[in-house]
Amino acid sequence: MNKRCIAAGVILATATAAFAHQGVQNPAVKARMDGMSAIAENLKAIGMMARGATEFDAAKARAAAAAIATRAAAVPALFEANESDPMSEARPTIWTSFEDFSAKASVLEGIAVGLSTSIAAPEDLGPAMGSLGASCKSCHSVYRE
Ligand code: HEC
């Protein structure tokens with residue numbers, strides 16, 4: 001193996017390590033996990049501001065809420081097909097109660113849409129985290145292992 005090959009191998013290994021959801025075989029399952037991860041990343045951005053770990057920026061907080069709304073809107077389509085994977089934490093009841101599942105995604109979308117225009121002050125972040133977090137929990141507690 002020449003040096004260039006080794007370097008390429010190192011880059012590949014690093015990229016693989018940074019790649020979330022390793023071991024997921026089914027691309028449809030990976031896509032819905034990626035959607036959830038994006039929701040979580042944006043929630044984290046708001047949470048960091050809420051804790052004062054990052055500086056308050058209303059535009060950034062609103063943009064994170066808007067991103068959550070967009071991802072939440074995509075949830076029913078991403079989960080519609082009953083796809084499985086050994087790495088999946090999705091409960092089978094999603095597909096026997098799909099209307100309820102979709103309604104829970106819609107609640108998250110509605111909350112996030114509201115926040116995408118209403119966050120104006122640091123004091124808004126705590127309640128925002130509370131309502132968003134409650135929505136994640138209301139779905140995970142029923143439909144996620
Ligand atoms: C409508 C239901 C629903 C809502 C609302 C929801 N989730 Fe999920 N979430 C799921 C399901 C189902 C899974 C498991 C998917 C799988 O493993 O196939 C999941 C998985 C995840 C995962 C793991 C993804 C991975 O890499 O395996 C994260 C992180 C996550 N959700 C974050 C959130 C956050 C943060 C919120 C709220 C802002 C939220 N979710 C709201 C249903 C929901």
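Order of appearance sets the numbers: ligands from 1, and atoms from 1 within every ligand.
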Colleague: Any donor and acceptor pair, going by atom type alone, linking the side chain of Arg62 with main-chain N or O of Thr117 inside 3.5 Å?
Modeller: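 Looks like yes, one N/O pair under 3.5 Å.
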
Colleague: Quick one: does ligand 1 sit under 4.0 Å from the side chain of Arg91, the backbone, both or neither, non-hydrogen atoms only?
Modeller: neither

Colleague: Who pairs with Thr93 by side-chain contact (heavy atoms from CB on, under 4.5 Å), at least two apart in sequence or on another chain?
Modeller: Arg91, Thr96, Tyr143

Colleague: Does atom CD of Glu99 have more than 12 heavy-atom neighbours, drawn from other residues, nucleotides or ligands, at distances under 6.0 Å?
Modeller: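 At most 12 heavy atoms, drawn from other residues, nucleotides or ligands, come within 6.0 Å of this atom.
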
Colleague: Main chain of Ser102, side chain of Ser106: is a donor-acceptor contact present, judged purely on distance under 3.5 Å?
Modeller: no

Colleague: Using a 4.0 Å cut-off to any heavy atom of Leu43, which atoms of ligand 1 qualify?
Modeller: 35 (C)

Colleague: Given that the side chain starts at C-beta and the backbone is N, CA, C, O, which of these parts of Asp34 lies under 4.0 Å from ligand 1, counting heavy atoms, or is it both or neither?
Modeller: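 For Asp34, there is no contact with ligand 1 at all, from either part.
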
Colleague: Considering both backbone and side-chain atoms of Ser88, is one of its nitrogen or oxygen atoms within less than 3.5 Å of a nitrogen or oxygen in ligand 1?
Modeller: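 Between Ser88 and ligand 1, an N or O pair is found under 3.5 Å apart.
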
Colleague: Within the 4.0 Å heavy-atom shell around Ala105, which atoms of ligand 1 are there?
Modeller: 1 (C)

Colleague: Run the numbers for me: atoms of ligand 1, each under 4.0 Å from some heavy atom of Ala90, listed by number.
Modeller: 14 (C), 16 (C), 17 (O), 18 (O)

Colleague: Go through ligand 1 atom by atom and flag the ones less than 4.0 Å from a non-hydrogen atom of Cys136.
Modeller: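 Per the distance check, 34 (C), 35 (C), 36 (C), 37 (C), 38 (C), 39 (C), 41 (C).
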
Colleague: Answer yes or no: does an N/O atom from Tyr143 fall short of 3.5 Å to an N/O atom of ligand 1?
Modeller: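 No; every N/O pair is 3.5 Å or more apart.
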
Colleague: Between Met129, Glu145, Arg144, flag the one that comes closest to atom 22 (C) of ligand 1 by a heavy atom.
Modeller: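 It is Arg144 whose heavy atom sits nearest to atom 22 (C) of ligand 1.
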
Colleague: Check each atom of ligand 1 against the heavy atoms of Ile94 and keep those under 4.0 Å away; list them by number with element.
Modeller: 12 (C)

Colleague: At their closest point, which heavy atom of Pro76 faces which heavy atom of Ala105, and how far apart are they?
Modeller: CD-CB, 4.1 Å

Colleague: Is there a donor-acceptor pair closer than 3.5 Å between any side-chain N or O of Arg144 and the backbone N or O of Glu89?
Modeller: no

Colleague: For the metal site, I want the angle between atom SD of Met36 and atom NE2 of His140 with atom 8 (Fe) of ligand 1 at the apex, to 10°.
Modeller: 180°

Colleague: Is Ala40 touching ligand 1 with its side chain, its backbone, both, or neither, if touching means heavy atoms under 4.0 Å apart?
Modeller: both

Colleague: With respect to atom 4 (C) of ligand 1, which of Ala103, Ser131, Cys139, Ser138 exhibits the smallest heavy-atom separation?
Modeller: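 Among Ala103, Ser131, Cys139, Ser138, the closest heavy atom to atom 4 (C) of ligand 1 belongs to Cys139.
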
Colleague: Does any pair with a residue in residues 105-127 pass salt bridge (Lys or Arg N to Asp or Glu O under 4.0 Å), and if so which ones, sequence neighbours excluded?
Modeller: none

Colleague: So if I count the atoms of ligand 1 from 1 in the order they appear, which ones are less than 4.0 Å from some heavy atom of Ser37?
Modeller: 26 (O)

Colleague: Does any donor atom in the side chain of Gln25 or Asp85 lie under 3.5 Å from an acceptor atom in the other side chain?
Modeller: no

Colleague: Grab the two heavy atoms, one from Ser131 and one from Leu115, that are nearest each other, plus how far apart they are.
Modeller: OG-CD1, 4.4 Å

Colleague: If we count only N and O atoms by modelled type, under 3.5 Å, do the side chains of Arg32 and Ser88 hold a donor and an acceptor together?
Modeller: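 Judged by distance alone, the side chains do pair up.
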
Colleague: Using a 4.0 Å heavy-atom threshold (strictly under), name the region of Phe101 that reaches ligand 1: side chain, backbone, both or neither.
Modeller: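 For Phe101, backbone and side-chain atoms both sit under 4.0 Å from ligand 1.
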
